[in-house]
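Here the structure is a predicted model, which means the values were calculated and not measured.
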Amino acid sequence: MTTTSWVESSGFISSHVLTNATPSTIATAALVTVVLIALTTRLISNSWGPLKGKDGTWSVGVAPYWFPLLGHIPILMINPDRFLRKLRDASAHGIFAVNLGGSIHNLAHTPSLVEGIFAQRTAVETEEFSMFILNRFFGVPRSFNKRLAGLFKGLTQSISMCLMREPGLGKMLAGSVTSMNEHIPNLVSFASRPIDQSLWERASDADVWRSLKENGEADLAVEANFFPLLRNFMGHIATPLLMGQDFMDNYPEVLQDIWDLDYGLTYLIAGIPRWVPIPSLGRALRARERLNRKIADFHSAMDLAEDSKDPGSEWRDFSDISDALKDRYRLWRENKIPPRLRSDLPLLWAMNVNSNNICFWLILRILSTPGLVGRIRTEIEPHVHASQPGNVLGLAEPPRLQMSVAGLREECPLLKSCYFEALRLDSAPLTIKHIVKDFIVTEDEKDAPGNARSFALKAGEYVHIPFDVHQSDPRYFSSPELFIPERFLVRREGPGGKLEVDIGTLRPYGGGVAICKGKLFAEGEVLAFVAGIIALWDFEPVSGHGWQIPEHVRASGVTLPKSDIRVRVRRRKLEIGGG
């Protein structure tokens with residue numbers, strides 16, 4: 001039967017059923033109609049394979065789909081990982097296309113195609129998508145887009161100067177490590193009452209656990225939920241570094257609001273109306289309103305201080321906010337942007353959602369790999385000095401910590417390799433570009449042996465780079481599902497060759513002009529945090545079944561754990577006065 005006859009038959013069936021309408025027959029007719037439409041759509045879309053043009057270039061094949069108008073949106077909402085990896089494995093080339101609501105989105109994942117796309121300067125642009133995210137996710141009014149576009153360059157430069165170049169990068173890292181040296185010895189307080197605990201302990205449902213060892217010694221630990229403990233603890237270090245301590249003191253709920261906003265990412269970007277009864281959507285919208293209002297209050301207070309007026313007793317000191325935020329503040333003020341439109345929420349959000357999450361995954365991966373935590377403690381020992389002061393007036397002081405981030409980055413290849421391996425396994429970054437001019441991208445012979453092609457990408461379409469599709473590709477990473485600590489280690493040639501880290505085709509920070517501006521800061525920050533935590537603290541799972549790696553939940557960049565792990569936290573025994 002032809003497609004036309006199917007459509008005609010569905011019309012006949014619907015007409016017949018409606019004439020003798022009952023609830024059951026109407027339901028049957030509706031179901032038959034939907035099935036016939038889906039089958040027709042599938043047959044038609046199945047014919048949109050790659051075609052070779054007269055100039056020898058190829059079009060990108062569009063994967064078949066079942067639903068007109070929606071295209072691949074339903075399957076991508078249900079299980080994007082499985083769907084994209086299935087398309088990757090079924091394709092002989094490193095690019096395929098999907099239909100999202102009628103627009104064509106090309107997805108490239110092999111290194112040569114990705115590099116070819118990153119090399120484009122005039123054929124693609126990211127500003128449109130950035131504005132889309134600012135409007136949909138961060139709540140920036142569309143009426144402000146034109147003025148904001150004129151400030152993009154200056155706002156980006158302020159971040160680049162502070163997070164990618166010296167002396168700004170060194171200053172930020174030094175401040176971060178100083179804060180870690182002070183706070184990591186106090187990860188848990190061993191206080192029983194929540195009122196006596198730190199905010200990150202309360203967020204992790206911390207509880208003191210006491211027992212006796214076989215030798216009769218007291219065994220004191222704290223039981224806590226691992227992910228919120230580490231994520232919130234890291235947030236209480238990072239947020240004051242960016243916004244200043246007054247902001248954190250005046251807005252103690254800021255981290256929970258950031259997490260609630262992040263959980264609503266998919267719904268907000270999809271533009272689902274606020275009246276739809278989805279709990280995480282409602283929480284995300286309320287959190288976004290509070291975040292933007294508190295940031296506006298923060299800027300209003302800075303305006304008062306700048307005008308030599310009293311900002312109020314709750315705003316005592318603006319000297320400890322970051323240079324990046326100070327530069328952005330000057331730009332906002334010089335251009336007479338009112339506080340309610342000074343969109344610093346993206347910076348505050350980015351400072352917390354990725355580094356904090358990868359710290360959890362990296363520490364969990366290290367702890368769950370037999371023997372690895374001991375090897376890393378040995379490697380970091382020259383650069384992480386942990387000591388236990390003697391008792392003062394009979395009272396025990398917390399340990400002292402002193403770390404060298406330069407030593408961790410340059411002399412600890414195993415830790416660094418583990419960091420990149422955790423990023424490979426536990427992050428799913430995505431770059432999206434709008435094609436504004438036709439261009440050709442060519443696949444390298446190494447990526448498609450004996451079958452390399454050049455692909456023509458058309459203006460008006462989009463090109464995505466889903467990095468996790470490459471990160472899980474067994475053609476580039478053997479046993480990609482496994483955490484292999486030494487995966488990125490290479491030995492330098494020559495006598496006494498030194499171990500170094502080579503990440504090969506891994507691109508955890510993106511690339512091109514849209515590369516992550518905070519990548520160098522994030523690397524130093526994460527290495528220092530993880531080194532300090534494992535130098536001072538021991539962890540064990542409460543379940544008694546050993547360490548389990550939770551399934552992933554997709555988020556903005558680094559994934560979230562689908563379930564949490566209850567752990568016991570103990571302070572490591574250190575030599576009194578030792579280092």
Side-chain angles (χ1 to χ4, degrees), residues 177 180-181 184-185 187-188 209 213-215 217 219-224 226-227 229-230 233-234 358-388 398-426 479 482-491 498-501 523-524 526-549 565-579:
V177 173
M180 289 181 196
N181 287 337
I184 287 178
L187 172 65
V188 294
W209 181 87
K213 299 180 182 178
E214 291 183 0
N215 60 7
E217 290 184 7
D219 185 7
L220 181 64
V222 170
E223 287 190 359
F226 205 22
F227 179 61
L229 176 68
L230 293 179
F233 183 57
M234 180 72 164
I358 202 61
C359 284
F360 162 77
W361 288 113
L362 178 52
I363 291 172
L364 177 59
R365 297 283 184 182
I366 290 171
L367 294 172
S368 62
T369 303
L372 183 56
V373 67
R375 294 168 60 195
I376 289 182
R377 281 172 175 161
T378 299
E379 182 183 65
I380 66 175
E381 188 174 6
H383 315 290
V384 180
H385 299 284
S387 61
Q388 178 64 62
R400 292 176 183 168
L401 185 65
Q402 197 68 33
M403 295 186 288
S404 166
V405 69
L408 293 171
R409 294 178 69 175
E410 298 166 12
E411 303 295 333
C412 298
L414 179 59
L415 174 62
K416 200 169 177 179
S417 177
C418 289
Y419 166 63
F420 286 113
E421 179 71 338
L423 281 173
R424 184 189 69 82
L425 277 168
D426 302 312
S479 303
L482 299 181
F483 178 80
I484 302 177
E486 304 84 0
R487 186 183 296 276
F488 298 110
L489 290 180
V490 295
R491 190 170 294 280
K498 184 180 178 181
L499 277 178
E500 294 180 342
V501 172
E523 179 184 306
V526 171
L527 293 179
F529 182 84
V530 172
I533 290 290
I534 65 175
L536 287 186
W537 299 96
D538 281 323
F539 303 88
E540 67 170 341
V542 171
S543 69
H545 301 301
W547 292 103
Q548 303 292 322
I549 304 297
I565 303 169
R566 191 77 175 166
V567 296
R568 287 195 187 106
V569 188
R570 293 181 178 86
R571 186 170 280 151
R572 292 188 69 214
K573 285 190 175 181
L574 303 172
E575 182 181 349
I576 301 296

Beyond-backbone contact of [X] with [Y], side-chain heavy atoms, under 4.5 angstrom:
| X | Y | answer |
| --- | --- | --- |
| Leu229 | Leu187 | yes |
| Asp426 | Leu362 | no |
| Trp361 | Ile549 | yes |
| Trp547 | Ile565 | yes |

Using every non-hydrogen atom in the two residues, find where [X] and [Y] come nearest and quote the distance to one decimal.
| X | Y | result |
| --- | --- | --- |
| Ala528 | Val177 | CB-CG2, 4.1 Å |
| Ser543 | Gly546 | OG-O, 4.0 Å |
| Cys359 | Phe529 | SG-CD2, 3.5 Å |
| Leu401 | Ala386 | CD1-CB, 4.3 Å |
| Leu372 | Pro485 | CD2-CG, 3.8 Å |
| Met180 | Met403 | CB-CE, 3.8 Å |

Donor-acceptor contact present, side-chain [X] to main-chain [Y], <3.5 Å:
| X | Y | answer |
| --- | --- | --- |
| Arg571 | Pro398 | no |
| Glu421 | Ile484 | yes |
| Ser417 | Val501 | no |
| Arg572 | Ala535 | yes |
| Trp537 | Ile184 | yes |
| Ser368 | Arg365 | yes |

Arg570, CZ atom: more than 12 neighbouring heavy atoms under 6.0 Å
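Buried by this count: over 12 neighbours within 6.0 Å.
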
Look at the aromatic rings of Phe539 and Phe226 and report parallel, tilted or perpendicular, splitting at 30° and 60°.
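Rings of Phe539 and Phe226: tilted, as their planes differ by 30° to 60°.
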
Atom pair CG/SG of Leu489 and Cys418 - distance to nearest 0.5 Å
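Between atom CG of Leu489 and atom SG of Cys418 there are 8.0 Å.
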
Rounded to the nearest 0.5 Å, what separation is found between the CD1 atom of Ile534 and the CD1 atom of Ile366?
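Reported value, rounded in 0.5 Å steps: 5.0 Å.
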
Any carboxylate oxygen within less than 4.0 angstrom of a Lys/Arg side-chain nitrogen, looking at Lys416 and Glu500?
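Salt bridge flag = no for Glu500 with Lys416.
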
Would you sort out whether Leu414 and Ile376 count as a side-chain contact (heavy atoms from CB on, under 4.5 Å), showing the intermediate values?
CA-CA 7 Å; Leu414 179 59; Ile376 289 182; 4.0 Å; yes

Applying side chain to side chain contact (heavy atoms under 4.5 Å, CB included) between Leu415 and each of Glu379, Arg377, Arg375, His383, report the one that passes.
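The residue from Glu379, Arg377, Arg375, His383 that satisfies side chain to side chain contact (heavy atoms under 4.5 Å, CB included) with Leu415 turns out to be Glu379.
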
